[in-house]
Amino acid sequence: MDMLLEQLDLQLAMGNRKLETRLEGAKKTRILLDRVHDALTVLKQKPGNGKKLYKLIYLTYIGPEKFTHTELLYQLDVSSRHYYRLRQQAISILSLRLWSAPSADIELVLDMLALLEELEGTL
């Protein structure tokens with residue numbers, strides 16, 4: 001391992017742009033993956049139906065198995081209309097998390113979501 005790190009340092013010191021670019025790309029990829037993971041964690045922790053929303057996103061976009069629409073409905077035990085409503089809700093939550101506050105504000109985001117749902121139910 002020491003030899004590998006030594007070689008890496010040597011290559012970087014010699015100005016190996018290709019290696020620098022790859023390392024920078026790997027760093028940016030890691031940051032992006034961490035951000036997506038944080039957003040999925042917020043989704044899963046949402047009071048009420050967070051686990052179902054997470055499962056919907058996982059089965060639809062992330063999981064290794066690709067399901068047909070009918071199979072997704074069966075796995076989630078929902079109607080087609082309910083699936084689309086839940087999917088839109090999950091995507092909205094993920095969007096909010098990906099493009100807004102840092103992870104320290106997770107509780108605030110969850111409280112806001114709960115309040116918005118209560119208001120939506122009274123309209």
Side-chain angles (χ1 to χ4, degrees):
M1 186 63 143
D2 289 334
M3 286 179 55
L4 178 61
L5 290 174
E6 192 176 302
Q7 279 290 8
L8 248 166
D9 287 339
L10 180 63
Q11 289 294 321
L12 289 174
M14 292 173 49
N16 188 334
R17 276 306 283 159
K18 188 175 180 180
L19 183 58
E20 285 180 43
T21 303
R22 281 189 172 171
L23 289 174
E24 188 63 31
K27 181 179 174 185
K28 288 178 182 178
T29 299
R30 181 62 192 187
I31 291 169
L32 179 62
L33 288 175
D34 287 344
R35 190 89 168 148
V36 169
H37 182 266
D38 287 346
L40 289 169
T41 300
V42 168
L43 181 66
K44 197 175 203 178
Q45 293 175 352
K46 180 188 171 295
N49 62 348
K51 287 185 171 52
K52 188 166 207 136
L53 294 174
Y54 174 82
K55 185 176 179 181
L56 182 147
I57 293 295
Y58 181 82
L59 292 175
T60 304
Y61 301 109
I62 301 170
E65 292 183 60
K66 298 301 171 203
F67 296 105
T68 66
H69 183 69
T70 306
E71 291 169 332
L72 276 172
L73 298 179
Y74 178 76
Q75 289 283 331
L76 297 167
D77 192 28
V78 295
S79 69
S80 187
R81 289 185 67 191
H82 193 62
Y83 167 81
Y84 287 113
R85 278 193 302 264
L86 288 175
R87 188 180 74 173
Q88 184 57 47
Q89 183 182 12
I91 290 171
S92 296
I93 292 168
L94 289 173
S95 297
L96 177 69
R97 180 63 192 109
L98 287 170
W99 301 109
S100 67
S103 61
D105 297 330
I106 288 176
E107 291 300 319
L108 177 63
V109 171
L110 291 175
D111 290 342
M112 287 187 338
L113 289 171
L115 181 62
L116 288 172
E117 285 181 344
E118 286 176 22
L119 290 173
E120 200 173 90
T122 61
L123 296 178

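In this chain, numbering begins with 1 at the start of the sequence shown. Computed from a predicted model, the values in this text were never measured in an experiment.
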- line: Closest non-hydrogen atoms of E71 and K66, given as atom of the first, atom of the second and distance, are OE1-O, 4.3 Å
- prompt: Would you say R97 and L43 make side-chain contact, with heavy atoms under 4.5 Å?
  reply: no
- prompt: Is there a donor-acceptor pair under 3.5 Å between the side chain of K55 and the backbone N or O of L76?
  reply: no
- prompt: If you look at every heavy atom in S79 and L73, which pair is closest and at what distance?
  reply: O-CD2, 3.6 Å
- request: Can you measure from CD1 (I62) to CG (L56) and round to the nearest 0.5 angstrom?
  value: 10.5 Å
query: Say you draw a straight line from CD of Q89 to NE2 of H82; how long is it, rounded to the nearest 0.5 Å?
result: 8.5 Å
- request: Could you tell me whether K44 atom NZ has more than 12 heavy atoms of other residues or ligands within 6.0 Å of it?
  value: no
task: Decide if atom OH of Y74 counts as having more than 12 heavy atoms of other residues, nucleotides or ligands within a radius under 6.0 Å.
output: no
message: Quick check for you: to the nearest 0.5 Å, what is the distance between L40 atom CG and L53 atom CG?
response: 11.5 Å
query: How long is the span from the CG atom in L98 to the CG atom in L32, to the nearest 0.5 Å?
result: 8.0 Å
- line: Rounding to 0.5 Å, atoms OH (Y61) and CZ (R87) come to a distance of 4.0 Å
query: When you look at NE2 of H69, are more than 12 heavy atoms from neighbouring residues, nucleotides or ligands closer to it than 6.0 Å?
result: yes
